[in-house]
Novice: 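Got a structure here, written out as structure tokens. Questions coming.
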2 protein chains.
Amino acid sequence: MPHAFDALADPRRRAMLEALAVQERSVGELAELLALRQPATSKHLAVLRDAGLVADRHEGRRRIYRLVPEPLVEVDDWLTPFREAWSRRFDALAAHLDAMEDP
Amino acid sequence: MPHAFDALADPRRRAMLEALAVQERSVGELAELLALRQPATSKHLAVLRDAGLVADRHEGRRRIYRLVPEPLVEVDDWLTPFREAWSRRFDALAAHLDAMEDP
DNA sequence: CACATCCATTCCGAAAGTGGAATGTATTGG
DNA sequence: CCAATACATTCCACTTTCGGAATGGATGTG
């Protein structure tokens with residue numbers, strides 16, 4: 001089972017997640033949205049499912065995929081130690097701008 | 001030039017960024033920290049550099065790498081539309097727990 | 001000026017990711 | 001029951017990625 005970061009490396013898979021964040025969708029709808037063929041779409045969805053980022057249910061002969069946001073929370077948590085690093089940057093920039101305004 | 005998400009897919013590169021978030025380090029120090037050989041370390045650093053996640057400067061015959069957090073801000077921004085999705089989940093969970101406490 | 005150190009780069013071979021075509025399976029419609 | 005629809009899966013070629021070994025360049029040291 002791969003990590004969420006592995007699944008997020010592909011831009012089409014990120015686009016799938018963006019689409020699923022709006023509403024759940026079938027494989028065919030996702031394929032049309034991303035201009036992908038059906039097998040490629042199913043394979044990308046399998047990667048997302050293995051990473052726990054999507055889940056699916058059956059509805060007639062269609063398969064409806066929905067977003068599972070929990071792994072993205074882990075990504076968000078991973079970013080936490082870095083937020084301090086870039087807030088330091090913004091603080092430095094703000095101080096610099098203040099110094100420019102103050103003659 | 002690859003996207004930040006491509007660089008983040010590898011766990012060792014993520015560990016490098018974590019180490020560089022604490023302080024800047026030379027290639028040799030990173031190699032020892034991650035138990036990688038020097039060429040492998042340099043290659044991973046090249047990926048991070050191409051993604052704009054690190055920068056380097058020369059200090060004698062050593063090369064010192066430092067974190068460049070800006071691309072991580074983009075990752076953070078990408079997560080924004082999803083935060084609503086998982087806050088909805090937490091709200092639903094909280095409501096559920098409230099209902100359990102309330103007989 | 002040798003010689004060692006620190007690192008980037010190149011050249012392999014192995015492994016993994018990706019798309020297309022074909023095939024298999026379950027469900028629906030006639 | 002038979003054909004069509006909606007997917008998943010398998011097989012195959014192609015490309016990319018990755019590590020190790022070897023090499024080369026630049027900077028110190030004696």
Side-chain angles (χ1 to χ4, degrees), chain A residues 1-20 22-68 71-72 75, chain B residues 1-20 22-68 71 75 78:
Chain A
M1 192 204 291
H3 193 278
F5 272 116
D6 296 323
L8 295 178
D10 189 279
R12 299 176 217 84
R13 289 196 288 263
R14 292 198 296 275
M16 285 183 176
L17 294 179
E18 293 169 18
L20 294 177
V22 178
Q23 60 181 24
E24 51 183 26
R25 300 180 197 271
S26 69
V27 177
E29 291 168 344
L30 288 169
E32 189 184 350
L33 269 175
L34 304 178
L36 282 175
R37 307 187 190 281
Q38 176 263 315
T41 307
S42 286
K43 289 176 198 173
H44 282 301
L45 285 168
V47 174
L48 292 171
R49 185 169 359 99
D50 288 346
L53 282 160
V54 300
D56 63 287
R57 76 186 145 81
H58 291 276
E59 189 166 286
R61 57 188 165 185
R62 302 197 310 157
R63 191 168 294 203
I64 311 294
Y65 280 86
R66 65 178 176 277
L67 177 71
V68 177
L72 294 179
V75 172
Chain B
M1 193 208 291
H3 193 280
F5 273 117
D6 295 323
L8 294 178
D10 188 280
R12 284 158 296 220
R13 290 196 288 264
R14 292 198 296 275
M16 285 182 177
L17 294 179
E18 294 169 18
L20 294 178
V22 178
Q23 60 179 24
E24 51 182 27
R25 301 180 197 271
S26 68
V27 177
E29 290 169 345
L30 289 169
E32 189 184 351
L33 268 174
L34 304 178
L36 282 176
R37 307 186 189 282
Q38 177 263 316
T41 307
S42 287
K43 289 175 198 173
H44 282 301
L45 285 168
V47 174
L48 292 171
R49 184 168 0 98
D50 289 346
L53 283 160
V54 300
D56 63 288
R57 76 186 145 81
H58 291 277
E59 190 167 286
R61 57 187 166 187
R62 302 195 311 155
R63 192 168 293 205
I64 310 294
Y65 280 86
R66 65 178 176 278
L67 177 71
V68 177
V75 172
W78 184 83

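Here is how names work: the chains are called A, B, and so on, in the same order as the sequence lines, proteins then strands, and each is numbered from 1.
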Novice: Is A:Ser26 close enough to D:dC7 that one of its side-chain N or O atoms is under 4.0 Å from OP1 or OP2 there?
Specialist: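 Yes.
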Novice: Can you build the contact string for nucleotides 21-30 of chain D? Use B for base contact, S for sugar-phosphate-only contact, and - for no protein heavy atom under 4.0 Å.
Specialist: BB----BB--
Novice: Rounded to whole angstroms, how far apart are NE2 on A:His3 and P on C:dA16?
Specialist: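 Taking NE2 of A:His3 and P of C:dA16, I get 19 Å after rounding.
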Novice: Please verify the inter-ring angle class for A:Phe5 with B:Phe5; under 30° counts as parallel, over 60° as perpendicular, anything in between as tilted.
Specialist: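 Tilted, since the angle between the ring planes falls between 30° and 60°.
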Novice: Starting at CG of B:Leu45 and ending at P of C:dT9, how long is that distance when rounded to a whole Å?
Specialist: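 It works out to 11 Å between those atoms.
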Novice: Can you find a pair of side-chain heavy atoms, one from A:Leu8 and one from A:Leu17, that are under 4.5 Å apart?
Specialist: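 A side-chain contact under 4.5 Å exists here.
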Novice: Find which nucleotide of DNA chain C each of A:Asp10 and B:Ile64 is nearest to by heavy atoms, and output the residue with the more 5' nucleotide.
Specialist: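 Its nearest nucleotide lies further toward 5', so the answer is B:Ile64.
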Novice: Report yes if at least one side-chain N or O of B:Tyr65 is closer than 4.0 Å to OP1 or OP2 of C:dC6; otherwise report no.
Specialist: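 It does not, given that no N or O in the side chain of B:Tyr65 lies less than 4.0 Å from OP1 or OP2 of C:dC6.
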Novice: From CD of B:Glu32 over to C1' of C:dC7, roughly how many Å is that when rounded to an integer?
Specialist: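 So the two atoms are 16 Å apart, to the nearest Å.
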Novice: Given C:dC6, is OP1 or OP2 found less than 4.0 Å from the side-chain N or O atoms of B:His58?
Specialist: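 B:His58 to C:dC6 OP1/OP2: no side-chain N or O under 4.0 Å.
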Novice: Rounded to whole Å, please give me the gap between CG in B:Leu48 and C1' in C:dA8.
Specialist: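 These atoms are roughly 15 Å apart.
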Novice: Output the rounded distance in Å from CG (A:Asp50) to P (C:dG17).
Specialist: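 Atom CG in A:Asp50 sits about 11 Å away from atom P in C:dG17.
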Novice: Would one find a side-chain N or O of A:Arg12 under 4.0 angstrom from OP1 or OP2 of C:dG19?
Specialist: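 Yes, A:Arg12 has a side-chain N/O under 4.0 Å of OP1/OP2 on C:dG19.
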Novice: Among C:dA8, D:dG19, D:dA8, which nucleotide has an atom closest to any side-chain atom of B:Arg49?
Specialist: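 That would be C:dA8.
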Novice: Whole-Å distance between C:dT25 C1' and A:Arg63 CZ?
Specialist: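 After rounding, the gap between these two atoms is 10 Å.
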Novice: So do B:Met16 and B:Leu53 actually touch side chain to side chain, heavy atoms under 4.5 Å?
Specialist: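 Answer no - side chains too far apart.
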Novice: Has B:Arg66 got more than 12 heavy atoms of other residues, nucleotides or ligands less than 6.0 Å from its CZ?
Specialist: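 Yes, because the 6.0 Å sphere around CZ of B:Arg66 holds more than 12 heavy atoms from other groups.
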Novice: For residues 42-51 of chain A, dump all side-chain donor-acceptor pairs below 3.5 Å to protein atoms at least two apart in sequence or in another chain.
Specialist:
from    : atom 1 : to      : atom 2 : distance (Å)
A:Ser42 : OG     : A:Gln38 : O      : 3.4
A:Ser42 : OG     : A:Gln38 : NE2    : 3.2
A:His44 : ND1    : A:Arg13 : NH1    : 3.1
A:Arg49 : NH2    : A:Tyr65 : OH     : 3.0

Novice: How far apart are the closest heavy atoms of B:Ile64 and B:Arg62, and which atoms are they?
Specialist: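 It is CD1-NH2, 3.6 Å.
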Novice: Take the protein atom CG of A:Leu36 and the nucleotide atom P of C:dG20, then report the distance between them rounded to whole Å.
Specialist: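 Computing the A:Leu36:CG to C:dG20:P distance gives 8 Å.
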Novice: If you compare all heavy atoms of B:Leu67 against all heavy atoms of B:Leu20, which two are closest, and at what distance to 0.1 Å?
Specialist: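 That closest heavy-atom pairing would be CB-O, 3.9 Å.
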Novice: Please check the phosphate of D:dT9 (OP1 and OP2 only) for any side-chain N or O of A:Ser42 closer than 4.0 Å.
Specialist: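 False: A:Ser42 side-chain N/O out of range (4.0 Å or more) of D:dT9 OP1/OP2.
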